[in-house]
Amino acid sequence: MIIVGEKINTSRKAIAEAVENRDTEYIQEVARAQADAGADYIDVNAGTFLKREAAFLTWLVETVQAAVDLPLCLDSPDPKALESALGCHRGEAMINSISLEEDRWEALLPVVSARPCKVIALCMARTSMPTTAQERIDVAVELIEGLQAAGVALENIYVDPLVQPVSVDVRMGPAILDAIAGIRERFPTVNAICGLSNVSYGLPSRKMINRHFLVLAMQRGLNAAILDPTDREMRASLLTARMLLGKDEFCSDYIEGYQQGLYA
Ligand code: THG
């Protein structure tokens with residue numbers, strides 16, 4: 001499982017304040033905590049600042065990579081902000097995200113094909129959001145084939161089935177899960193990633209829903225997730241599911257989690 005730590009996002013009040021005040025220490029503390037909890041990438045998002053997004057995203061890249069030796073997941077639809085942030089990024093970034101929306105596709109395709117990088121392909125159709133599994137798979141196929149035609153390697157593509165709340169339509173759960181399975185069946189070397197928190201929007205006990213959804217999605221082939229790696233119960237569920245799916249040789253990561261007191 002590839003874990004993208006989601007916490008450095010200006011939709012969160014404390015992060016927006018820290019970015020506004022250029023609070024290096026606080027941002028680096030949140031980055032380190034996620035790295036220590038096992039993040040493979042740190043997501044950075046300054047999307048709430050609009051006009052100042054490029055400057056803030058670039059500052060976040062410098063600030064986070066000064067504290068942790070990890071590649072980042074650059075969470076922006078703006079090619080100018082991405083180019084600026086990539087200019088100071090060390091290593092191979094993940095770009096979050098391209099989709100079939102015409103403006104977005106045209107703006108981001110040059111960014112992702114100009115360099116070796118990972119790219120999240122979000123299952124948004126040209127003018128609408130997919131609802132069924134088949135609609136998601138159709139969008140994914142078009143995204144994958146378009147990226148491949150532009151020279152992006154299949155193993156660098158992370159398809160995001162677009163997680164929507166089950167409180168809006170209870171059929172959303174199986175639609176997302178079936179889409180993950182269908183995409184990975186058709187393209188075994190393409191990765192499947194998603195954010196978890198949208199699934200529980202509008203319901204109580206959201207964290208419990210999110211971690212059960214993670215386990216179900218892993219069973220269907222999810223191999224990357226955008227989540228809070230410092231959430232102990234989430235981490236415990238992830239390690240347990242990984243072991244039960246045969247991905248933890250000698251159960252060693254599971255046992256290490258126990259020894260670290262993660263299940264107490
Ligand atoms: N797919 C892709 N990118 C994404 C998402 C996705 N980026 C944004 C989002 N979804 C994932 N990132 C976050 C970041 C923070 C929080 C949730 C998702 C978060 N949420 C708190 C909560 O849910 O309770 C509330 C905010 C707060 O703490 O103030 O922290 O799906 N490709």
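Start at 1 and go down the list; that is how both ligands and their atoms are numbered. What you are looking at is a predicted structure, and each value in this text was computed from that prediction instead of being measured. All heavy atoms count here, side chains included; hydrogens, waters and symmetry mates do not.
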Nearest-contact summary for [atom] - protein heavy atom, Å:
| atom | answer |
| --- | --- |
| atom 10 (N) of ligand 1 | Gly195 CA, 4.6 Å |
| atom 9 (C) of ligand 1 | Asn9 ND2, 4.8 Å |
| atom 28 (O) of ligand 1 | Arg12 NE, 3.3 Å |
| atom 24 (O) of ligand 1 | Arg206 NH1, 4.6 Å |
| atom 1 (N) of ligand 1 | Asp160 OD2, 2.7 Å |
| atom 16 (C) of ligand 1 | Glu6 OE2, 3.7 Å |

Quick one: does any side-chain atom of [X] pair with a main-chain N or O of [Y] as donor and acceptor, under 3.5 Å?
| X | Y | answer |
| --- | --- | --- |
| Arg184 | Val190 | yes |
| Arg12 | Lys7 | yes |
| Arg235 | Ala37 | yes |
| Gln65 | Leu70 | yes |

Check: [X] N/O within less than 3.5 Å of ligand 1 N/O:
| X | result |
| --- | --- |
| Asn96 | yes |
| Asp75 | yes |
| Ser11 | no |

Problem set entry | Charged N-O contact under 4.0 Å between Arg220 and Asp178 | yes
Close approach of [X] to ligand 1, heavy atoms, under 4.0 angstrom:
| X | answer |
| --- | --- |
| Val163 | no |
| Ser197 | yes |
| Leu122 | no |

For this session: Look at the rings of Tyr254 and Tyr263 and say which category their plane angle falls in: under 30° parallel, 30 to 60° tilted, over 60° perpendicular.
Result: parallel
Exercise. Which is it for Ile27 and Trp59 under the side-chain contact (heavy atoms from CB on, under 4.5 Å) test, yes or no, and what are the steps along the way?
Worked result: CA-CA 11 Å; Ile27 295 295; Trp59 178 77; 3.9 Å; yes
Exercise. Do Met94 and Ile120 have side chains that get closer than 4.5 Å, going by heavy atoms?
Worked result: yes
